[in-house]
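Contents: one structure, followed by commentary.
Note: hydrogens, waters and symmetry copies are ignored here, and every other heavy atom, side chains too, is used.
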Amino acid sequence: MVSQPKRSTPRPIVLTSHPAKFSKSIAIHWGEADPIKRGAIIGTLTTAAHRNVIGTHSGSYAVYRALAVASGKLDANHRADLTNTAPAALLHAHPAWSDPDKIVSLDPFGAIVGEVYRDLYEQGYDIKPTIAITKAHINMPELQDAIAKGRLQEDGEIMKKGGDLVVTKAAIEPVWYLPGLAKRLHVEESLLRRTLFEQTGGMFPELITRPDIKVFLPPIGGITVYIVGDPDAITDPNRSLTVRVHDECNGSDVFGSDICTCRPYLVHGIEECVQTAQQGGAGIIVYLRKEGRALGEVTKFLVYNARKRQEGGDRADAYFTRTECVAGVQDMRFQELMPDVLHWLGITRIDRFISMSDMKHDAVTRSGIEIVTRVPIPEELIPADAMVEIEAKKAAGYYTESEVLTEEALAEIKGRGLSD
């Protein structure tokens with residue numbers, strides 16, 4: 001029999017909080033190069049006096065934690081045992097780690113809290129990593145096909161026999177420094193806080209009542225980084241770097257849906273990364289949880305229905321219109337925060353940027369990172385039903401090296417119907 005965690009005695013519910021109600025915790029001085037001077041990110045739920053952030057760890061998974069606690073499966077006071085959880089590969093600190101304008105949406109010290117804040121942890125502070133770094137092999141049928149066709153080689157180091165690709169990967173939870181976030185978005189911090197409070201249905205009252213707390217752990221998905229090749233090559237000016245920034249698309253990335261180019265572009269990015277790594281450089285895939293242009297999968301499927309049922313069917317000339325009709329906006333990804341992870345990696349130049357998106361390109365270059373060459377998806381990798389998407393994007397100004405269709409020709413590009 002497995003013993004069940006003891007249910008903790010219910011504590012009084014605090015509906016809101018004010019600075020005077022709790023003793024001061026460790027102050028956070030965002031942008032300090034010394035992690036001790038910067039201060040630990042403490043989102044603990046066990047000792048209210050130690051908390052110095054709004055929200056809690058694990059993003060949207062915090063809701064599942066609540067279910068586990070409510071059902072008695074998890075002790076609400078459980079404290080993580082971090083033995084042997086240290087990063088499998090260490091990334092060195094970079095100047096951007098101490099630049100409060102370069103990184104505002106993640107904790108650059110998030111992977112090494114077990115080391116740099118060990119004394120605080122031993123004193124009883126419940127400090128959790130917000131970044132975990134490990135190593136793995138990945139294998140995809142498309143990579144095996146690339147080997148069979150001679151585009152990739154099994155070198156025994158980067159690409160093992162059988163098509164196993166060796167990667168270093170990092171999972172990153174969002175950590176938002178609200179003053180820096182507001183500055184990045186060109187809004188007042190007070191307006192940002194109020195809007196976050198209102199648009200989450202009042203879920204985080206401290207956004208309004210605790211202006212002294214400057215860091216927010218939002219309940220959203222995070223980022224995964226896949227590094228191919230030598231991580232030291234990322235910052236070496238004499239070695240090439242290829243980067244694909246990819247926003248989540250469950251239907252295509254996992255299940256192979258052919259209405260968009262997401263999985264083909266992701267695989268193409270991985271292949272480009274492998275080629276660069278095998279030539280002595282490094283490749284990076286940044287995978288962000290922004291399903292359906294950050295509109296969500298339900299909205300995305302509603303848009304699919306609307307596109308296919310509109311007069312004239314799924315047409316390239318009306319591709320963006322139906323999204324805006326359903327969601328109120330064409331795209332909610334707002335790539336302004338995306339470059340933070342690139343700065344965390346120490347990137348200052350990208351030799352090959354595998355993307356057609358001007359939003360991504362412009363966000364990266366505005367942040368001070370040079371992009372040498374942009375690489376669109378090869379025409380032969382585009383699924384037939386995804387031609388609606390790709391031609392609409394090209395007509396809207398996405399980067400391309402091929403012809404942009406006229407309005408008349410664009411209206412002739414159509415996808416399958418719902419019954420096909």
Side-chain angles (χ1 to χ4, degrees), residues 5 8 11 14 17 22 25-28 30 35 38-71 73-87 91 97 103-134 169-178 180-181 193 196-197 200 203-207 210 212-225 248 287-290 337 340-341 344:
S8 57
R11 293 172 291 185
V14 180
S17 55
F22 300 108
S25 183
I26 294 171
I28 297 175
W30 199 267
R38 199 291 304 273
I41 303 295
I42 308 174
T44 181
L45 298 173
T46 58
T47 307
H50 289 176
R51 285 176 57 80
N52 61 3
V53 300
I54 300 166
T56 187
H57 293 293
S58 299
S60 55
Y61 291 99
V63 178
Y64 289 103
R65 172 188 169 89
L67 295 182
V69 171
S71 63
K73 303 295 185 183
L74 173 65
D75 186 344
N77 295 315
H78 171 73
R79 192 160 174 254
D81 179 355
L82 299 178
T83 303
N84 294 331
T85 63
L91 299 178
W97 288 27
I103 297 178
V104 301
S105 63
L106 59 88
D107 177 10
F109 303 109
I112 55 175
V113 298
E115 174 189 344
V116 298
Y117 299 124
R118 182 176 301 159
D119 289 346
L120 290 174
Y121 191 84
E122 292 175 352
Q123 293 172 34
Y125 287 89
D126 185 15
I127 303 170
K128 292 182 173 66
T130 57
I131 300 176
I133 303 174
T134 190
K169 59 182 183 179
I172 304 171
E173 291 180 2
V175 178
W176 288 1
Y177 176 57
L178 293 172
L181 200 75
R193 284 173 170 267
L196 286 169
F197 172 73
T200 57
M203 187 182 294
F204 300 99
E206 295 92 344
L207 287 166
R210 295 296 302 271
D212 58 310
I213 299 181
K214 299 296 185 180
V215 174
F216 177 39
L217 307 182
I220 60 175
I223 304 169
T224 309
V225 177
E248 177 184 29
Y287 195 89
L288 300 104
R289 297 322 189 280
K290 294 181 179 178
L337 303 181
D340 288 23
V341 65
W344 175 68

Test side-chain contact (heavy atoms from CB on, under 4.5 Å) on V175 and W30 and set out the steps. CA-CA 11 Å; V175 178; W30 199 267; 4.1 Å; yes
For K128 and V113, run side-chain contact (heavy atoms from CB on, under 4.5 Å): C-alpha distance rounded to whole Å, both residues' side-chain angles, the deciding distance at 0.1 Å, then the answer. CA-CA 7 Å; K128 292 182 173 66; V113 298; over 6 Å; no
Could you walk me through whether W97 and F109 pass the side-chain contact (heavy atoms from CB on, under 4.5 Å) test, one step at a time? CA-CA 8 Å; W97 288 27; F109 303 109; 3.9 Å; yes
Working for side-chain contact (heavy atoms from CB on, under 4.5 Å), residues H78 and T46: CA-CA 9 Å; H78 171 73; T46 58; over 6 Å; no
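When side chains are defined from C-beta on, N77 does not count as touching L45, because their heavy atoms never get closer than 4.5 Å. At a threshold of 4.5 Å between non-hydrogen side-chain atoms, the residues I131 and I133 count as touching. Contact check for W344 versus I172: side-chain heavy atoms found under the 4.5 Å cut-off. Between Y121 and L82 there is a side-chain heavy-atom pair separated by less than 4.5 Å. At least one side-chain heavy atom of E173 sits less than 4.5 Å from a side-chain heavy atom of S58. You'll find the side chain of I41 reaches within 4.5 Å of the side chain of V215, heavy atoms only. Taking the side chain as every heavy atom from C-beta outward, W176 and D107 never approach each other to under 4.5 Å. Using a 4.5 Å cut-off on side-chain heavy atoms (C-beta onward), P174 and P218 make contact.
Proximity of a side-chain donor or acceptor of D340 to a complementary backbone N or O of V104 within less than 3.5 Å is detected. Using a distance-only test at 3.5 Å, with no hydrogens or angles considered, a donor-acceptor pair links the side chain of R51 to the main chain of V53. Checking side-chain atoms of N52 against main-chain N and O of I26 turns up a donor-acceptor pair under 3.5 Å.
Here the straight-line distance linking atom CD1 of I223 with atom CG of L288 works out to 4.5 Å at 0.5 Å rounding. Note: E248 CD to K290 NZ = 11.5 Å, rounded to the nearest 0.5 Å. Here the OG1 atom belonging to T224 is positioned 8.5 Å from the OH atom belonging to Y287, to the nearest 0.5 angstrom. Remark: K214 NZ to L181 CG distance equals 12.5 Å, nearest 0.5 Å. The line from CG of L217 to OG1 of T130 is 8.0 Å long, rounded to the nearest 0.5 Å. Atom NE2 of residue H57 and atom CD1 of residue I42 lie 8.5 Å apart, to the nearest 0.5 angstrom.
A cation-pi arrangement is absent between R193 and F204 under the rule of less than 6.0 angstrom and at most 45 degrees off the ring axis.
Residues P87 and A111 share a closest heavy-atom pair of CG-O, 3.3 Å.
The ring-ring contact (aromatic ring centres under 6.0 Å, His included) test applied to Y125 returns H50, not counting sequence neighbours.
Other residues, nucleotides and ligands place more than 12 heavy atoms under 6.0 Å from the CZ atom of R79.
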